[in-house]
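What follows is a short report on a single structure.
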Protein chains: 2
Amino acid sequence: MARPTKKQQQANLPEIIKDAAWRQISEAGASSLSLRGIARELGITAPAIYNYFPDRDALVTALISDAYASFGDRQLDAMNSVPGPGRELDRLRATGLAYRAWALDHPHRYMLIFGNPVPGYVPPMQELMPVMMRSISALTGTIGELYALGMIDPQAIPLPQVENSQGFCDTMAKGDETTLTVLSIAMLIWSRVHGLVSLEITGKLPPYASDGAALYEFELDSVARQFIRLPQNAPDTAP
Amino acid sequence: MARPTKKQQQANLPEIIKDAAWRQISEAGASSLSLRGIARELGITAPAIYNYFPDRDALVTALISDAYASFGDRQLDAMNSVPGPGRELDRLRATGLAYRAWALDHPHRYMLIFGNPVPGYVPPMQELMPVMMRSISALTGTIGELYALGMIDPQAIPLPQVENSQGFCDTMAKGDETTLTVLSIAMLIWSRVHGLVSLEITGKLPPYASDGAALYEFELDSVARQFIRLPQNAPDTAP
DNA sequence: TTATTAAATTTACAGTGTAAATATACAACG
DNA sequence: CGTTGTATATTTACACTGTAAATTTAATAA
């Protein structure tokens, strides 16, 4: 008997498949994701999934895309939770706190995006670029605001070489030095929160096990101290 | 025919197996490491490997242990390359530069240690603890020297809760606040270099592709600026 | 020489992703 | 209504993985 009767033919099967995949990832880790396991859970045979995803990598890419969307939502929510002018610093801190909060809420999604957890899978950057750019737009946007207000400490920040950016910032930073500076600072900040959060999530920061929050907030303060200066209304009057 | 004649019975077969594993990892990535693949390369059947490693995880653990040793060697070499008193800051920077240099030389070993690349494998911390502690001893040692010289900026650094340290610092930091501070700073510094290096190695810092060095040295300077102060010989004379 | 041990073999099993051929339910058209 | 077409599943099959068990042989010790 091929193709059973439409007993309860769930309309949006791709979503159901992804849900099962997430459940499986949450329980057994992202690396032991199995098409057959998903099929088993859904009472379906494995090759049936191939009608919705050409291969396992396509499913993983769809999961990553969704994870980026979820991550980006939280980042933008955090940014929008501190609206209005004059509160740019609080806005930056809110996105910083939201970064760790989302990672702790969804450690497997975090590792799926920013880690290397799926064997032999290389993410198709070109396909993921839009949702990836959106997810960091909260950070780059807020940094951009601070820069426009003259609140970025004018250090000699190394700028990226645009010719090397493999389609990464073709749209957002073509030669514009301001944008490049903003992007550079965002990268430096990102690498710092990523360093701490990824170590915490993978349990490689043992002594702090239950109090990574204190260390993380210390790091956020340190980030602000490094890059931010208070706006100087009359910079020329200084000696 | 079982067990072929001792034609060229390489004495140290475990080492040869590990070499083949490294070669395979370098070519196809750590996630696609295969006992059968190793056996094929060595002209041997797969179960033969079980005489030297009880299972695949044991082989991975051995690889990780060796990687830690190699990493620790480079860290200690860097530390020892700037000997003598009065050069503690240069010593710190040397270990920092050696960190990235080793990671770029052995990206797969780096990801094997500090990443999550092998499906379903969880490292046996207890077994790896000694070689792991040794590998970070260059950093903690130098930080300790700077601390003893009063060159550590006395910030309110969050301390780890020893009761949470799952055997991590049982020997090195039992309640001693000085040691805990040093360990804390080492963790913060580690998370920063790890953040930058892991992003660079996994190609997630696209715009800087060929010039991660500049960004990294900027970060090292920033680290030093945050934690280090020049020694004050007469601190009480200040107003 | 004989017995023992160590190291490799063959065989087998359960699991994986995926390609190919096949069968059926459903929708549209004559 | 009957026929056809297509989407969606199934079954079957293949190559691959790690690993357990039994077996066979080379090297060593008694």
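As the structure is a prediction and not an experimental result, all values here were calculated from the model. Every chain is numbered from 1 and lettered A, B, ... according to where its sequence line falls, protein lines coming before strand lines.
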- Task: Choose from D/dG18, C/dT18, C/dT10 the nucleotide whose nearest atom is closest to any side-chain atom of B/P47.
- Result: C/dT10
- Select one nucleotide: of D/dT8, D/dA20, C/dG17, the one nearest the side-chain heavy atoms of A/Y50. C/dG17
- Query: Between D/dA9 atom P and A/I38 atom CD1, what is the distance in whole Å?
  - Reply: 15 Å
- Query: How close or far is atom C1' of C/dT16 from atom CG of A/D57, stated in whole angstroms?
  - Reply: 14 Å
- Message: Return whichever of A/T45 or B/D55 has its heavy-atom-nearest nucleotide of DNA chain D closer to the 5' end.
- Response: A/T45
- Using 30° and 60° as the class limits, which term best fits the ring planes of B/Y110 and B/W102: parallel, tilted or perpendicular? tilted
- Task: To the nearest Å, give me how far apart CD1 (A/I49) and P (C/dA19) are.
- Result: 14 Å
- Do the side chain of B/R36 and the base of D/dG18 come within less than 3.5 angstrom through a donor-acceptor pair of N or O atoms? yes
- Query: Looking only at atom types and distance, does a side-chain atom of B/T142 sit under 3.5 Å from a main-chain N or O of B/A138, one as donor and one as acceptor?
  - Reply: yes
- Message: We want to know whether A/T61 and A/Y121 form a side-chain donor-acceptor pair, criterion being a heavy-atom distance below 3.5 angstrom.
- Response: yes
- Item | A/S65 (side chain) donor-acceptor with A/A62 (main chain) under 3.5 angstrom | no
- Rounded to the Å, how far apart are A/I16 CD1 and D/dT8 P? 14 Å
- Message: Any base atoms under 4.0 Å from A/S34, or only sugar-phosphate, or nothing? Heavy atoms, all strands.
- Response: sugar-phosphate
- Query: In whole angstroms, how far is the C1' atom of C/dT9 from the OH atom of B/Y52?
  - Reply: 13 Å
- Of the listed nucleotides D/dG18, C/dA7, C/dT9, the one nearest the side chain of B/R56: D/dG18
- Message: Can a donor-acceptor pair be found, under 3.5 Å and without considering hydrogens, that links the side chain of A/Y52 to the backbone of A/E15?
- Response: no
- Message: Please check this pair: side chain of A/R36 against backbone of A/A46, looking for a donor-acceptor N/O pair closer than 3.5 Å.
- Response: no
- Task: Would you classify B/L59 as touching base, sugar-phosphate or nothing, given that sugar-phosphate means primed atoms plus P, OP1 and OP2, and contacts are heavy atoms under 4.0 Å?
- Result: nothing
- Message: Can you classify the ring geometry of A/F114 versus A/F71 as parallel (below 30°), tilted (30 to 60°) or perpendicular (above 60°)?
- Response: perpendicular
- Spacing between B/I44 atom CD1 and D/dA26 atom P, to the nearest angstrom: 16 Å
- Atom-to-atom span, CG of A/L42 to C1' of D/dA9 - whole angstrom: 14 Å
- Measure the distance from CG on B/L13 to C1' on C/dA8 and round it to the nearest whole Å. 10 Å
- OP1 or OP2 of D/dT17 less than 4.0 angstrom from a side-chain nitrogen or oxygen of B/R40, does that happen here? yes
- Item | Any N/O donor-acceptor pair, A/N51 side-chain to D/dA9 base, under 3.5 Å | yes
- Query: Axis-to-axis angle across the helix from C/dT1-D/dA30 to C/dG30-D/dC1, five pairs an end, to 10 degrees?
  - Reply: 20°
